[in-house]
Asks: 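One structure coming up, written as structure tokens, with questions to follow.
This one's a predicted model, so the numbers in the text were calculated from it and none came from an experiment. Throughout, protein chains are lettered first and strands after them, A, B, ... in sequence-line order, and every chain is numbered starting at 1.
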Number of protein chains: 2
Amino acid sequence: MQQLKRNNMRMTRQRQVILEVLRKNNTHPTADEIYSMVRRRLPRISLGTVYRNLEILTELGEIQTLELSGHQKRFDGNPNKHYHIRCMSCGRVDDVPLAPMAQLENQLYGATVYTIVDHRLEFIGMCPECSRQQQPDKHEAQP
Amino acid sequence: MQQLKRNNMRMTRQRQVILEVLRKNNTHPTADEIYSMVRRRLPRISLGTVYRNLEILTELGEIQTLELSGHQKRFDGNPNKHYHIRCMSCGRVDDVPLAPMAQLENQLYGATVYTIVDHRLEFIGMCPECSRQQQPDKHEAQP
DNA sequence: GTCTCTGCAAAGCATTTGCAACTGC
DNA sequence: GCAGTTGCAAATGCTTTGCAGAGAC
């Protein structure tokens, strides 16, 4: 974490535990889920501190903040670019095994007045657990 | 709007004006922008009514609710599927002239435990106005 | 010893909701 | 005239922020 020094920042115990928890975890937790995980090790930490550090760690490129459409932020200990899928029923988020489409922005070159910088792709679906629950009573009505 | 009857719903003046305002507008306004546009015609309407109707009109398929990553909801009077681009500086949202990739979900078939239903693709960029302002001092430092 | 960081609590902001009165149909 | 809808205001849920004291280096 050479970057901390460069920015006159410190590696506090709180910051470290938050980073460790995220790195060991591939469930894309929300801030309050991270809060309760970290609190097992640091019972006096505050939610504000969790938010502040998640923002800083994102800026340093150590983690990713996932702002999936219309929902609570989630955080990803894997800082590399990849796509996600969200369960429309329970909100669970997983990685998707699809290589980032690096050329996608080029397809729009000259077709928009914007300077394109990046893109976000998010799949919507139903996770196995929720699919199973929906099976018995498909849709809402039943005979 | 045959759908209203089918759902035991009424075409109130408020609902109608909200729909008209959105149909005449391609700027993808936020709820409070719609609120202030509608208030010119219906000064006593409340923000709650605007939200309630935007939700209903979305469910009826008359408009679209855009839940772009990490920002306020925006609303689109065009109910047909299409992608959007958002200015990372001012938040402006425009349509993107790229045909929806109907086959994208198929690429993941068998590669995820989810049942995939849909996808959201959103481009991030800089609109002409903001690009112009950034020109003088590119990035943050200058030689 | 300095200056960043923390815990706490309050504020902020977009959105939702409970309720009595109102109004489409 | 009934049930869906409205305006109002309060509540909600997530996130950010001000501040004085604590702690990293």
Side-chain angles (χ1 to χ4, degrees), chain A residues 1-19 21 28-60 62-75 86 91 93, chain B residues 1-19 21 28-60 62-75 86 91 93:
Chain A
M1 294 241 68
Q2 201 55 35
Q3 314 218 47
L4 287 176
K5 272 184 200 152
R6 224 175 287 144
N7 292 279
N8 287 324
M9 288 175 164
R10 293 161 189 175
M11 180 47 85
T12 61
R13 186 125 182 66
Q14 291 86 337
R15 190 162 294 164
Q16 179 158 10
V17 172
I18 290 170
L19 184 54
V21 157
H28 311 85
T30 60
D32 55 287
E33 285 167 352
I34 294 168
Y35 176 51
S36 70
M37 290 189 281
V38 169
R39 246 198 316 187
R40 291 190 212 123
R41 288 219 250 153
L42 303 175
R44 298 190 51 74
I45 197 173
S46 78
L47 186 55
T49 298
V50 171
Y51 272 106
R52 274 184 289 234
N53 278 300
L54 289 170
E55 192 182 341
I56 288 170
L57 291 168
T58 299
E59 273 165 19
L60 294 177
E62 293 291 324
I63 65 171
Q64 280 188 82
T65 298
L66 309 183
E67 304 185 321
L68 302 184
S69 50
H71 293 268
Q72 218 172 332
K73 286 180 184 174
R74 290 175 175 271
F75 301 88
R86 181 167 53 80
V93 172
Chain B
M1 295 242 68
Q2 201 56 36
Q3 312 218 48
L4 287 175
K5 271 184 200 153
R6 224 175 288 145
N7 291 279
N8 288 324
M9 287 174 164
R10 292 162 190 176
M11 179 47 83
T12 61
R13 186 125 181 64
Q14 291 86 338
R15 190 162 295 165
Q16 179 159 10
V17 172
I18 291 170
L19 184 55
V21 156
H28 311 86
T30 59
D32 54 289
E33 285 166 353
I34 294 168
Y35 176 51
S36 70
M37 291 189 281
V38 169
R39 243 193 326 183
R40 291 189 213 122
R41 288 219 249 154
L42 303 175
R44 297 190 51 75
I45 197 173
S46 78
L47 187 54
T49 297
V50 171
Y51 272 106
R52 274 186 288 232
N53 278 300
L54 289 170
E55 191 181 343
I56 288 171
L57 290 169
T58 298
E59 273 165 20
L60 293 179
E62 292 292 323
I63 65 171
Q64 278 189 81
T65 297
L66 308 183
E67 304 184 322
L68 302 184
S69 51
H71 294 269
Q72 220 173 331
K73 287 181 184 174
R74 288 175 176 271
F75 300 87
R86 182 166 53 81
V93 172

Asks: Are A:Arg44 and C:dC8 close enough that a side-chain N or O sits under 4.0 Å from OP1 or OP2?
Replies: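 Yes, within the criterion.
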
Asks: From the set D:dG4, D:dT15, D:dG7, return the single nucleotide nearest to any side-chain atom of A:Lys73.
Replies: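 So the side chain of A:Lys73 is nearest to D:dT15.
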
Asks: How long is the line joining CZ of B:Arg52 and P of C:dG18, in whole Å?
Replies: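 It works out to 11 Å between those atoms.
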
Asks: Closest-nucleotide mapping onto DNA chain D: is B:Gly48 or A:Lys5 further toward the 5' terminus? I mean the 5' end.
Replies: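 Upstream on the strand: B:Gly48.
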
Asks: Looking at A:Asn8, does any N or O in its side chain come under 4.0 Å of the phosphate oxygens OP1/OP2 on C:dT2?
Replies: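 For C:dT2, neither OP1 nor OP2 has a side-chain N or O of A:Asn8 closer than 4.0 Å.
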
Asks: Please report the distance, rounded to the nearest Å, between CG in B:Asn53 and C1' in D:dG4.
Replies: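 Distance, rounded to whole Å: 11 Å.
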
Asks: Checking A:Asn7 against A:Glu59: is there a side-chain donor and acceptor pair closer than 3.5 Å?
Replies: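 Side chains of A:Glu59 and A:Asn7: no pair found under 3.5 Å.
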
Asks: Counting side-chain heavy atoms from CB outward, which of C:dT15, C:dT6, C:dC19 is closest to B:Ala31?
Replies: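 Of the options given, the side chain of B:Ala31 lies nearest C:dT15.
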
Asks: Nearest whole Å is fine: how far is D:dG4 C1' from B:Arg13 CZ?
Replies: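 Value for this atom pair: 18 Å.
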
Asks: Between the main-chain N or O of A:Leu68 and the side-chain N or O of A:Arg74, is there a donor-acceptor pair closer than 3.5 Å?
Replies: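 Such a contact is absent between A:Arg74 side chain and A:Leu68 backbone.
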
Asks: Taking OP1 and OP2 of C:dT16, is either one under 4.0 Å from a side-chain nitrogen or oxygen of B:Tyr51?
Replies: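 For C:dT16, neither OP1 nor OP2 has a side-chain N or O of B:Tyr51 closer than 4.0 Å.
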
Asks: Check the distance between C:dA14's C1' and B:Tyr35's OH and give it to me in whole angstrom.
Replies: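 Taking OH of B:Tyr35 and C1' of C:dA14, I get 14 Å after rounding.
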
Asks: Just to be sure I understand the rule, does B:Gln14 reach a base, reach only the sugar-phosphate, or reach nothing, if contact means heavy atoms closer than 4.0 Å?
Replies: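 If one applies the 4.0 Å heavy-atom cut-off, B:Gln14 turns out to touch the sugar-phosphate alone, with no base involved.
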
Asks: C:dT6, OP1 or OP2 - any side-chain N/O from A:Thr12 closer than 4.0 Å?
Replies: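 Indeed, a polar side-chain atom of A:Thr12 lies that close.
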
Asks: When you measure from the side chain of A:Gln72, which nucleotide among D:dC14, D:dC8, D:dA3 comes out closest?
Replies: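 That would be D:dC14.
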
Asks: If you take all heavy atoms of B:Glu67 and A:Ser69, which pair is closest and at what distance?
Replies: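 That would be O-CB, 2.6 Å.
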
Asks: Could you tell me whether B:Asp32 contacts a base, only the sugar-phosphate backbone, or nothing, with contacts defined as non-hydrogen atoms closer than 4.0 Å?
Replies: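 B:Asp32: no heavy atom of the nucleic acid under 4.0 Å.
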
Asks: Please report the closest heavy-atom contact between A:Thr65 and A:Phe75, naming both atoms and the distance.
Replies: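 Closest pair (atom of A:Thr65, atom of A:Phe75, distance): OG1-CE2, 3.5 Å.
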
Asks: Specify the residue among B:Asn7 and B:Thr49 whose closest nucleotide of DNA chain D lies further upstream toward the 5′ end.
Replies: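 Here B:Asn7 is the residue nearer the 5' end.
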
Asks: Have a look at B:Arg15 and say if it touches a base, only the backbone sugar-phosphate, or nothing, with a 4.0 Å heavy-atom cut-off.
Replies: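 Sugar-phosphate only.
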
